[in-house]
Amino acid sequence: MAGKLDLDPRVVREARALAARAGQPVVDLARSHTTVSVERAVLRLAGVRGADQDGIPWVNRLVDAVRADVGLEHGVAVPVFHAMRATGVDDVTVLAQKAAAGAVRFGVPLKKADVTAARRMARKATGDGLRTIDRRRAERERMIKRYGDPAQRPWIYLIVATGDILEDIPQAQAAARAGADVIAVIRSTGQSLLDYVPEGATREGFAGTYATQENFRLMRAALDETSKELGRYVRLTNYASGLCMPEIAALAGLERLDMMLNDSMYGILFRDINPIRTFVDQRFSRQVHARAGIIINTGEDNYLTTADAVEAAHTVTVSQLLNEFFAHEAGLADWQLGLGHAFEINPELPESFRLELAHALLARELFPDAPLKWMPPTKHMTGDVFRGNLLDGFFNLVGALTGQGILLVGMMTEAVVTPWLSDRDIALQNVRYVLTGAGNLHEDFVPAPGGFIQRRAHAVLAEAVDLLKRIEGDTLLNAIADGTFGIMKRPADRGKGLDGVAKHAEDYYNPVTEALES
Amino acid sequence: MAGKLDLDPRVVREARALAARAGQPVVDLARSHTTVSVERAVLRLAGVRGADQDGIPWVNRLVDAVRADVGLEHGVAVPVFHAMRATGVDDVTVLAQKAAAGAVRFGVPLKKADVTAARRMARKATGDGLRTIDRRRAERERMIKRYGDPAQRPWIYLIVATGDILEDIPQAQAAARAGADVIAVIRSTGQSLLDYVPEGATREGFAGTYATQENFRLMRAALDETSKELGRYVRLTNYASGLCMPEIAALAGLERLDMMLNDSMYGILFRDINPIRTFVDQRFSRQVHARAGIIINTGEDNYLTTADAVEAAHTVTVSQLLNEFFAHEAGLADWQLGLGHAFEINPELPESFRLELAHALLARELFPDAPLKWMPPTKHMTGDVFRGNLLDGFFNLVGALTGQGILLVGMMTEAVVTPWLSDRDIALQNVRYVLTGAGNLHEDFVPAPGGFIQRRAHAVLAEAVDLLKRIEGDTLLNAIADGTFGIMKRPADRGKGLDGVAKHAEDYYNPVTEALES
Amino acid sequence: MSIVRPYGDTTGDGMVQLSFTLPVPHDKRAEGAAIQLANKMGMDPALLVHAKPMGDGFTFFVVYGRVSHLVDTGQVQVVERDFPLLSAKEVNAVIKRRLRRRLNVVGACIGTDAHTVGIDAILNVKGIAGEKGLEYYRELSVTNMGAQVSVPDLVETARREKADAVLVSQVVTQRDAHLQNTRAMSAAFREALPAGKRPLLIVGGPRFDELMAAELGVDRIFGRGTTPREVASYLVHALVGGSK
Amino acid sequence: MSIVRPYGDTTGDGMVQLSFTLPVPHDKRAEGAAIQLANKMGMDPALLVHAKPMGDGFTFFVVYGRVSHLVDTGQVQVVERDFPLLSAKEVNAVIKRRLRRRLNVVGACIGTDAHTVGIDAILNVKGIAGEKGLEYYRELSVTNMGAQVSVPDLVETARREKADAVLVSQVVTQRDAHLQNTRAMSAAFREALPAGKRPLLIVGGPRFDELMAAELGVDRIFGRGTTPREVASYLVHALVGGSK
Ligand code: B12
Ligand code: B12
Ligand SMILES: Cc1ncc(COP(=O)(O)O)c(C=O)c1O
Ligand SMILES: Cc1ncc(COP(=O)(O)O)c(C=O)c1O
C-alpha cells in the first residue's frame, strides 16, 4: 500500500521527531503526577469492588478517605495496605467500607520496614489484578485462534446505543450476525464527567449505555456466544476517555474488552476536562491497555465536527503523531494504535472526494503498521437519509481504496436518531456492497504523480510540520489553550477534575505503574 | 482517456472489419427494400398532415390506397404526385382525404415525361420538408451558440414518463432547472407496435406518453423557454424504434428533437418486429437523423436485462460495432453515435464494480469519438430504495471514471414506479455529488497493467471478435434467430410488420433517399 | 405474540420513517403541513427532519416519528399456500396417473406489456432461483405466446390448444394497467366459453395483491418471487385434485 | 390553494413512501402485517415493495402507496416570525436608544448535552450562514457558559450577570432529554426569581417543536437552521419593545 503518495521520508522523520519533542514535557508531567482515578484504578486492580447504597463505588469512598488523611501525593497503595495490616482486615473492599464509616485512619508509615511490607502487600494484591488481565489477554488470543479474525480488512465496526444494556445485547448480536466485526457500546451522555464509574447492569442511559464492569461482562459474554456461533471472534469496544480513564481501562482489561476509545486530548477538548488531569490519566490508562492487549481508538475525527475538515486537516495529522508518541511511550505497540480520522469534508466542495482520498492515504502512509480507524460522515449528514446512505457508500469506498484498518460504519440516520436496527442493516449492506464489488479497486487507484492527490497530501504534511514546530516552540499546553485542535480553547489551569490531580511526593508509590513499567 | 486498457490496435481493427462484413448483407437488404413506414415518411416530408376522425393519420390512408392500387414496390412518390397532377389537387393532405374516400385511383405513369414530372414534383415537395429539417438544425446550432452546451461531461439525461404531456412539461422543466441537460419523454407501452403515429397532444399513455408531432412540438417549445431561462441548451429525446421508425425520425427532424433512441435491432429483439422490416426502417430513419443533426441512442443496455451482464458482456460490444457500422453507412458521424451500455452486473458478485469499470472503459476506448450513453442499474434494483440510491451512486462514479458522454440518471424507485418528482431530485443530487466530488478522479484511476480490469477488457474484446467471426460465417439474420442478443430468438420470417415490407421494383423511386444519399 | 408495533431501537417504540412531496413552496407553513399529514397518518410526535424545495412549487419532506397504531398479526389476511408443494417428479406422476394426458398450459404477457422475463422465468426450461420452468415438466405441454398479446388472440389460442390453464403476466402497473388488463382478460374468457369449459385463469406479476383474485375474476394470483414449482403444484392441486 | 395532497408524479395522486421494522420473522403473514400497518396509516392501496429479514425476529419493510388524507394548509399552526428582522446596526441602535445599557445574554448547553456547535453558531463572533453571532453586536454582552452546564450553575450565573435573556441549547433528544432538561430549567428559574425579575427564557435545537414554548415554560423556541440575526431581532422585540 505504501508509496502511492511519494512522501519524503525525511519530512516524515522530522514530523515524528517534532511530535516527540512537543510531547515530552507532557510525558514528564504525567510521570510526576497522579490523580484520584489513577489511584482508584490501583485499588480496583487490588480488588476493591461494589458501591454503597447511593451507588458511590467503595473505591471512591476509600480514596477520598485516604486523601482526607494524607493526601494523594504518596499514592494510596502504601497507606491502604498499611491500614490493612494495622487493622487486620484482609479484604480491601471491607476496608473501604470501614473507612467510609470513619472507622479507619490512614497514614504513611514512618518505619522503612512498614513501608516495605505495605508495598509488598500492594504489589501482591494488584499483581492478582494484573494477572487476571493477563489471563483475559491469553483467553482472547485463544479465542481468536479458535474462531478466527475477520476475513477482510477493514474490520467492520458498529455502534449500539439504546441506553439499556438488555436492548443493547440482542442488537449487538444481531449486528454481529449481520457482519459486524467490532461492536462499540456508546456511553450515556453524562458519564464522562462523572468522577466515578457506575456499578451494575444499567437500563437508563441517554443516547448510550453506562460503562460499568457488569455491563462490560454481560456484553462480552453475549458476544462470546455469538463468536462461537459465527466462528469469528467479535470484538467489543467501549470508552476510556473522561474523568475515569484509568479505572475504565482497568475494568476493560479485567472483562476482556478488545478496543477502547482512548485519546490523549479528547477529554480536554470535548469534555472540558482539565488538561493535566487528562494527560496523567491517559498515560496510566494506556499502560494498562498495553498490558491488556487492547487496541486504542483515538479521536481526531471529532476535530472535524467543530473545525473545517479541509482547513484543519493538518491538525488531525499533528494529533495522530502526538497520539502515536504518547502511545509508544506508554508501551503500546503499533498494532494497537487505532488512530482516528474522518470523512467530514463538505460534500458540496469541488473535489471533496479526492481530498478525502488524499487525507486518508496520508494517514495510511504515515502510519503503515497502525490499524487506522476510519470514521464516517456526521457533520454534513442531514435528515435526507437517501443522500446519507450515498455519502456513507463513498466513505466506505475511501476506506477500501486506502486500506483503512477499522471502518466505523456510517448510518443514514446520523442527523436524526441514534441508530435503529434497520439503519445498521442498511449500513452493513452498504459496506458489503462496496467491499465485495470494489474491495480490490485499490490496485487500480494510483494517484497521478504530482497530481491533485499527491499535492494535497504533501501540503497537509507540510502544514502539520509547521504546526508541530510552533507547538514545540510554544508548548503543547499553550497550543491547546489557544484552540489549535477543534477550535476548542482549553487553558491548562481550567476545566473539570483539576482538584483530583496531585504532584508526586518523593515517596510516591504505585505498584501498578511499577509493574507496567518494569 | 484512451490507452488505459492497452488494447491491441490490430484486434480493434479486426473487430471493426468483421462487423462491416457481417453487416453488409443487411445493408444490401435495406437498400433493396422499402416499407409502409418509409413511404409514409416520404409523404410526411412532402407535407401530409393530420388524421381522420378515428385518429388514423391521412398519411396511412394515402399509402394504403396507393398500395392497394399499385403496390409499394415502385415507391409511393411517383403514383401520388402523378395523381396530384391528374386530379389537379395541389395539397397532398387533401389528396389523401380524397383517396381515403375512394375518389382517387393510383397508377405508375407509363410515359417517361409523366414519370419525370411526378418525380420532379415529389422532389420539390419533399425538398420543402428536408429544408425545414435543415432550418431546424441551423436553429439548434444557433441556440447552442447562444445558450451554450452543458459545462460538464457526461451530459445528464433524465426521463419523464407521466403519460400526460401536460404533466410531462412542468416535470421536464423542473428537471432541467434541477440540472438535466437532456430530457427524454418515455413512450406509452403500446406505441411501438402501432403501425401509425398518433396525432395531437395526448394525455392518456401508460408508463409513458405517446410520441406525436404535437407532443414533440409542445415539449420542445417548453424546453426552449427553459433553455433561455437557464442559459443552457436543454436537449430533447424521444424514441424512433418501433414500427414507425422512419416517420418518427422525420417528425423528430421537423420538430427539432436532439436525440432519438434508434437501435438497429431493438425492435426485433424486444418488440418482436420482423427483422427485415426493422433493418429497412432503421436505415432510412438514420439517414434522416444524419441530416437533422440528431444524436442516436442505441439499446445495448436492454440485452443485459434479459441476459446476464457478465456472460453477455461481449454481445454488447458486438452490437455496438454493428450499430456503429450501420450508422456510418447511413451517414451518421461519430459525434452522433450515443452507443448504449449499462451497469447491470449483479451487485452481489465479487469484483462487480471492477467488472463494470472494465466493460465501460472498453466501450470508451473502442469508440473514442462517440458520446457513449451510460445506462443505470435496473435489473438488480429492488424495492429497497436506500440501496437503490447507493447503486446509482456507484453507477455515476463509473460514468465519471470512464468518461461516458451521456449519463442516463438512475432512479432509486426503478423497481417500484415510473419516476416521481422527488426521485428525480434525489437522483440529480446523487449525480451532482459524484461529479463534483469525484469528477476528476479518472486522473488517479489507472488500471494496473496486466491487472484484473485490463484482463477483463481484453477477454471481452476477444470474445466479441470470436462471436463476430461466427456471425460473419453464419449471417447476422441467423444469429438473431438463434438468440445471440439478449437471449431473444427472432427468425427473419417472423415478427410483426413483415407485411409492410416490399422489395424494390426496377423503377422504385424515393426522392428523400435520393436527396439524403446525394 | 399477535399484537406488535413498529420497532426503531426499542421494543414498542412504534418508530417509522416517511417521505413524500407536497405541492407547496418551502416555508414554515409547508413544514407544518408536512407534520399535519404525518399526524393524520397517526405519527405523533412527528419529527420533520428534512425539507427540500424542488422547482417552483414543490417541497420534499422526510419525517420520522412514532405511530400509535397496533398491528394485529392475528387479523392479517394472506393467501396461504393451501396445497402441498410437489417436486417435478411428483407433479408429472400425479398428472400421468390421474389425468392420463398432458396438461395444457398457455402463457402470455397481455396488453401492451412487454415484460416477459417474469413469465419466462415460470415457463422456460431455464426457470429461476435454481428451479426449472414448466416446460421442463414432461407432463405439461406449454405454449408461451410471448409479449404484447391481445386478449382475443389469447382466447383463441387457449381454445385451440385446449388449455387447461392460462397463465398471464402483468408487470406494468401505471394507471392500474395490470388490473384493467386482467379484468378484460377474465371477462373475455367468461364471454367466450361456458363455465365448465373455461381454463383455470392465473395471473402473476410483482405488484399484484394476491387477495384480489375474486375481484379480478381469476382463480389465483402469484406475486413477487414466485417459483415455477409453486405454480406447477398449484396446477396439479386445482386441476387434477390433490397428489394422492 | 389550501387543500393539498401528496404528489408522486401527478397532481392529487397522494403517493408517499414509508419504511419501518416489525418485530416478526419474515413470511407472508409478516408482509400482510406490514400492509395492515400501512392501511391503518391511511395508505390504500399500499404496495409492499421490499421486505428484508434482519436477525432472528425482525423484518424491514418499504411500502409505497396512496394516502387519502387531505392536508389543509389553512389549518397549519406555525410560529411565524412576529417581529421585524433587523440588521446588527439596527439592533445596536435600538438597544442603545431605548435601553441605554448593554443587554445581557447568558448562553449554555445544559444537562449532559455537550453539543455546543449550535449555541456557538448563535453566540460566537464566527456565527453561521454568513451571519456574525451575538458577541459581534456591540450592545449585547454575551456570557457563553459552554457545555454540560448544570441548571443551578446556569441560574446562578444568570443572576450574577443580571441576564436579560438566557439562551439554552439542547441537541440530544433520546428519551426526550431535551424536553426534560428544558422543563427543569424553566422550573428552576420560576423558583429562583419572581416573575418581574426573570430573564427571558429561550431554548433552541434541531429537534424542538416550536409550538411547545408554553408547555415547556419558556418564552420562545428556535429550531433547525436558526440564524443569529433572528435571535437578536427577537431579543430586541421582546425586551426593548419594537424598533421605532
Ligand atoms: C427488464 C425490464 C425491462 C425490459 C424487459 C425485457 C423483457 N423481455 O422482459 C425492457 C428493457 C425491454 C423494458 C422496457 C420497458 N419497461 Co421495464 N423494466 C424491467 C425491469 C428492470 C426488470 C423486470 C424484470 O425482468 N424482473 C425480473 C422478473 C423475474 O421478475 P417479475 O417480473 O416480478 O416476475 C416474477 C413474479 O412477479 C412472478 N410473475 C410474473 N409474471 C408472472 C406470471 C405468472 C402467470 C405467474 C404465475 C407468476 C408471474 O414470477 C416471476 C418470477 O419470480 C423493471 C424494474 C425492476 N427492477 O423491477 C422495469 C419496469 C418493470 N419497466 C417499466 C417500464 C415503464 C418500462 C417501459 C415502459 C419504459 C422504461 N421505463 O424502460 C418499457 C416498455 C415495456 C413495455 N412495453 O412493457 C417500469 C414499470 C412501472 C410500473 N410499475 O408501471 C419498471 C418497474 C421500471 C420503472 N420504474 O420505470 N423493461
Ligand atoms: C458535532 C456532533 C458531535 C460533536 C459535538 C462537538 C461540539 N463541541 O458540539 C461530538 C463529536 C463531541 C459529539 C458527541 C456525541 N454526540 Co453528537 N453529533 C454531532 C453532529 C454530527 C452534528 C451536530 C452539529 O454540530 N450540528 C450543527 C449545528 C450548527 O446545528 P444545530 O445544533 O442544530 O444548531 C442550530 C439550530 O438547531 C439552532 N440552535 C441550536 N441550539 C440553539 C440554542 C439557541 C438558544 C438558539 C436560539 C438556537 C439554537 O441554531 C443552530 C444554528 O442554526 C450530530 C449529527 C448531525 N449531523 O446532526 C450528532 C448528534 C447530535 N450526536 C449525537 C450523540 C448521541 C452524541 C454522543 C452521545 C455519542 C455519539 N453518537 O457520538 C456524543 C456525546 C455528546 C454529549 N455528551 O452530548 C446524536 C443525538 C441523537 C439524539 N437525537 O438524541 C446525533 C444526532 C448523532 C446520532 N445520530 O447519533 N457529537
Ligand atoms: C476518543 C473518544 N473518547 C470518547 C468519546 C465519547 O466520549 P463521551 O462518552 O464523553 O461522549 C469519543 C466520542 O466519540 C471519542 O472520540
Ligand atoms: C433503443 C431503444 N428503442 C426504444 C426503446 C423503447 O421502446 P418502446 O417504446 O417500444 O418501449 C428502448 C427502451 O428503452 C430502447 O432502448
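We name chains A, B, ... by the order of the sequence lines, and we start the count at 1 in each one.
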Counting only heavy atoms not in D:K40, do more than 12 fall under 6.0 Å of its NZ?
yes

Taking side chain as everything from C-beta outward and backbone as N, CA, C, O, which of these in D:A177 sits under 4.5 Å from a heavy atom of chain A? Side chain, backbone, both or neither.
both

If one checks every heavy atom of A:A178 against chain D at 4.5 Å, the contacting part turns out to be neither

Please list every donor-acceptor pair closer than 3.5 Å that links chain D with chain A, giving the two atom names and the distance for each.
unit_1	atom_1	unit_2	atom_2	d
D:K52	NZ	A:D425	OD1	3.4
D:K52	NZ	A:D425	OD2	2.6
D:T112	OG1	A:T189	OG1	2.5
D:Q148	NE2	A:T189	O	3.4
D:Q174	OE1	A:A207	N	2.2
D:Q174	NE2	A:A161	O	3.1
D:Q174	NE2	A:T418	OG1	2.8
D:R175	NE	A:G205	O	3.1
D:R175	NH1	A:E204	OE1	3.3
D:R175	NH2	A:T162	O	2.9
D:R207	NH2	A:A415	O	2.4

Name the region of A:L421, side chain, backbone, both or neither, that has any atom closer than 4.5 Å to a heavy atom of chain D.
both

Using non-hydrogen atoms and a 4.5 Å limit, figure out which bit of A:A161 sits close to chain D: side chain, backbone, both or neither.
backbone

Worked check of side chain to side chain contact (heavy atoms under 4.5 Å, CB included) between D:F60 and A:I426
CA-CA 10 Å; D:F60 176 66; A:I426 290 167; 3.8 Å; yes

